[in-house]
Asks: 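Just passing along the structure, written as structure tokens.
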2 protein chains.
Amino acid sequence: MSQLPEQSAGPSVPTSADVARLAGVSRATVSYVLNDNTTVRISDATRRRVREAAFDLGYVPHAAARSLRAGHSRMVLLPAAQQLPGPLHQRFFTDLQTDLRRLDYTVVQYGSVGLDADEAVRAWAELRPVAVVAPGGVHLTPHRTGVLTRSGAKAVITLGPQPVEGAHALVLDQREVGASAARHLLSRGRRSIGVLMPQDPGLAVFAGPRLAGVLRAVETSGAAARAEPLPLAYEEEPAARLAARWRTLGLDAVIAYDDEYAMLLMRALQDAGVGIPEETAVVGAGDLMLGRLLRPRLTSVRMELAAAQPPAELIDRLIRHPGGPRERHDLLRARTVVRESG
Amino acid sequence: MSQLPEQSAGPSVPTSADVARLAGVSRATVSYVLNDNTTVRISDATRRRVREAAFDLGYVPHAAARSLRAGHSRMVLLPAAQQLPGPLHQRFFTDLQTDLRRLDYTVVQYGSVGLDADEAVRAWAELRPVAVVAPGGVHLTPHRTGVLTRSGAKAVITLGPQPVEGAHALVLDQREVGASAARHLLSRGRRSIGVLMPQDPGLAVFAGPRLAGVLRAVETSGAAARAEPLPLAYEEEPAARLAARWRTLGLDAVIAYDDEYAMLLMRALQDAGVGIPEETAVVGAGDLMLGRLLRPRLTSVRMELAAAQPPAELIDRLIRHPGGPRERHDLLRARTVVRESG
DNA sequence: TTGAAAGCGGTACCAA
DNA sequence: TTGGTACCGCTTTCAA
């Protein structure tokens, strides 16, 4: 009240010492009461006085001070290098957050935009999280993983198309998406498959493995078939140009990056008079609502997350029993939902 | 190396004291060197020894300890109650993060799922952020704002459809979206406007104000027109049912929640034989690519973020000059892009 | 040029 | 049942 000019410095933040002073007890007692410490007996009268004092002052404990003293935090760090696209990831993160909170972890998304990988990892380590779940955007190396574990992280887990040496891995193997689409098309007798490659660099981590999956499926099929990448920006004009030279490509099928790219190409192909699916079969990915609204209805690879154990429980286990062997968990299931477009 | 069993406890995290010991200097010197403190002269030899020791140990400073000592942090908290939908928000958050980081703030997204508003605000306050940017999902009250400022936050800023008493506001006034669409339709002679209302509760904060905007535009137009809300779940079946009874509704126009809802309804209407735009005009929102791919091409309300000052700079200013009057900044611009559907 | 020591806000041990 | 106090890791005066 009477310490500093309240104008510029603002009302100073109340500490447990302020609560203790107001309640006429020691800081230790304040700590006991507010944390419901059961190993120590405090009279109800004192309890009430402390509680009232804390309420009156608007006291809120200082998380950093607490975890500094405790020597550990319960912070799980999700470094969001970039927003991952699509409802699948959205759902995954929402569920993960909910479940981790239920296990009493504090989930923090740390924006690492504009930092290079080494800087980013250092910045994460400064926060001393108990675990880090790193999406594919930041490439973890064994060295970087080491920085994190040496800073006290009990578990370092990557989330992405492929595992990384030295860290646990939640794998969303995109190859299976491409492979599923390719197997379907091959089974329908298609032999020349184009694979749409989005130019958005943020999607490259997904598009590459999907193409690899297509190529592998073509090779292992034994059929005299081929697959060919087709770069395409998400704009009408490039799509129209691609459609204009479509017949020169000699393709009888195309796997789009997702349903939206499929829609873009389908429109261009139809405007160019290319018959779908007679001349060219089209397969999307994501099984979005819009695919069902297109005519012909879009065949699409449905992706689902399926894990033997919910990811949050997995992370909790890895935190509590560190030092075990690196684990790999495949989360992505893909199957092609056949409709009219191919 | 030889201190503790490395098996269970793990290698203990190196502190500045460890660095000091290894370099043969005091902790103070370590701090000076690693922070490039210019007010004090350290010999180059010492500098190098400290740097080497820090590197060898893999030392990373402890952010919590540092800001505890400093008495303040540079953490800007973005409590992500729910992921906000659409590329517009996506872009907004990415830019905000980038810009804040450039101003040397640490951006932390804190997942508050599963907490009620009061718990959530307390949890935020425990982190002692220097500023909080709260999306509309969590309803801030003057009391809750007080908890944050009393915990040391220099700026509390809401981000949502309407401002909140006691906090600064970045306003995305969705009413203008509805109003723009309605004005366009009225100018084209439409007089009975349906307004699609998504059932997803997460979208209610946006849908409500948009409807309000439509109603206001209809009232102020002076025309003998009416507007009517039409609840619709994002599924084919409900859309088909709505389309089946469309002609009984006596509507000559409909404003969809966004382009995807517009596509859903257009397909159902077309399947039911309702002529677009002859019988019913359709207007979407968001001006997504898919609207341009529909036939007829979709008229849509384009939304843009425009601010006199980039939000990050605004936040920085509010942090550095706290105690000023509450500010309100309107960010959303809406205008209708006319295509073929209405 | 460097070191000793205080202190940021909590928690928990040991006494009283 | 309660209080004194050391300590978590770091920064920053003040002295040497």
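Residue numbers start from 1 in every chain, and the chains themselves are labelled A, B, ... in the order their sequence lines are given, proteins ahead of strands. Not measured: the values here are computed from a predicted model.
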Asks: Quick one: pull up CZ in A/Phe92 and CG in A/Leu331 and give me the separation to the nearest 0.5 Å.
Replies: 5.5 Å
Asks: Answer yes or no: are there more than 12 heavy-atom neighbours, outside B/Arg317 itself, under 6.0 Å from its atom CZ?
Replies: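 Above 12, so yes.
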Asks: If you walk 5' to 3' along DNA chain C, what is the first nucleotide with an atom under 4.0 Å of a heavy atom in chain A, and what is the last?
Replies: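 Boundary nucleotides touching chain A, in 5' to 3' order, are C/dG9 to C/dC13.
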Asks: Using a cut-off of strictly less than 4.0 Å between a heavy atom of the residue and any atom of DNA chain C, enumerate the qualifying residues of residues 46-65 of chain B by number.
Replies: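 Within this stretch, B/Thr46 sit under 4.0 Å of the strand.
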Asks: Decide yes or no for A/Leu305 and A/Leu172: does some side-chain heavy atom of the first lie under 4.5 Å from some side-chain heavy atom of the second?
Replies: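 With C-beta onward as the side chain, the pair touches.
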Asks: When we call it a touch if two heavy atoms are under 4.0 Å apart, what does A/Arg66 touch: a base, just sugar-phosphate, or nothing?
Replies: sugar-phosphate
Asks: Evaluate the side-chain proximity of A/Asp18 to A/Leu22: yes if any heavy-atom separation is below 4.5 Å, no if none is.
Replies: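 No, every pair of side-chain atoms sits at 4.5 Å or beyond.
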Asks: Output the distance between atom OH (A/Tyr59) and atom CZ (B/Arg122), rounded to the nearest 0.5 Å.
Replies: 9.0 Å
Asks: How about CD on A/Glu119, more than 12 heavy atoms from neighbouring residues, nucleotides or ligands closer than 6.0 Å, or not?
Replies: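 Yes, CD of A/Glu119 has more than 12 neighbouring heavy atoms, counting only those of other groups under 6.0 Å.
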Asks: Holding to salt bridge (charged side-chain N to carboxylate O under 4.0 Å, His left out), I want the full list of residues that pass it with A/Arg51, two or more places apart in sequence or in another chain.
Replies: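 In terms of salt bridge (charged side-chain N to carboxylate O under 4.0 Å, His left out), with neighbours along the sequence ignored, A/Arg51 is linked to A/Asp36.
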Asks: What parts of residues 21-42 of chain A reach DNA chain D, counting only heavy atoms under 4.0 Å away?
Replies: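 Contacting residues: A/Gly24, A/Val25, A/Ser26, A/Ala28, A/Thr29, A/Tyr32, A/Val40, A/Arg41, A/Ile42.
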Asks: Rounding to 10°, can you tell me the angle the first-five-pair axis of the helix from C/dT1-D/dA16 to C/dA16-D/dT1 makes with its last-five-pair axis?
Replies: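 The helix from C/dT1-D/dA16 to C/dA16-D/dT1 shows an end-to-end axis angle of 50°.
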Asks: Report the distance from atom CD1 of B/Ile157 to atom CD1 of B/Ile315, rounding to the nearest 0.5 Å.
Replies: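 Going from the CD1 atom of B/Ile157 to the CD1 atom of B/Ile315 covers 4.5 Å.
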Asks: Quick check for you: name the first and last nucleotides of DNA chain D, 5' to 3', having an atom under 4.0 Å from a heavy atom of chain B.
Replies: D/dG9 to D/dT13
Asks: Under 6.0 Å from the CD atom of A/Gln309, do we count more than 12 heavy atoms belonging to anything else shown?
Replies: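 Yes, the 6.0 Å shell around CD holds more than 12 heavy atoms from other groups.
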Asks: What's the separation between atom OG in B/Ser67 and atom NE2 in A/His62, rounded to the nearest 0.5 Å?
Replies: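 Atom-to-atom, B/Ser67:OG and A/His62:NE2 are 6.0 Å apart.
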Asks: Measuring only between side-chain heavy atoms, which start at C-beta, is B/Val25 closer than 4.5 Å to B/Ile42?
Replies: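 Of all side-chain heavy-atom pairs linking B/Ile42 with B/Val25, none is under 4.5 Å.
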Asks: Is it true that A/Asp99 and A/Arg102 have a side-chain N and a carboxylate O under 4.0 angstrom from each other?
Replies: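 Here A/Asp99 pairs with A/Arg102 in a salt bridge, since their nearest N and O are under 4.0 Å apart.
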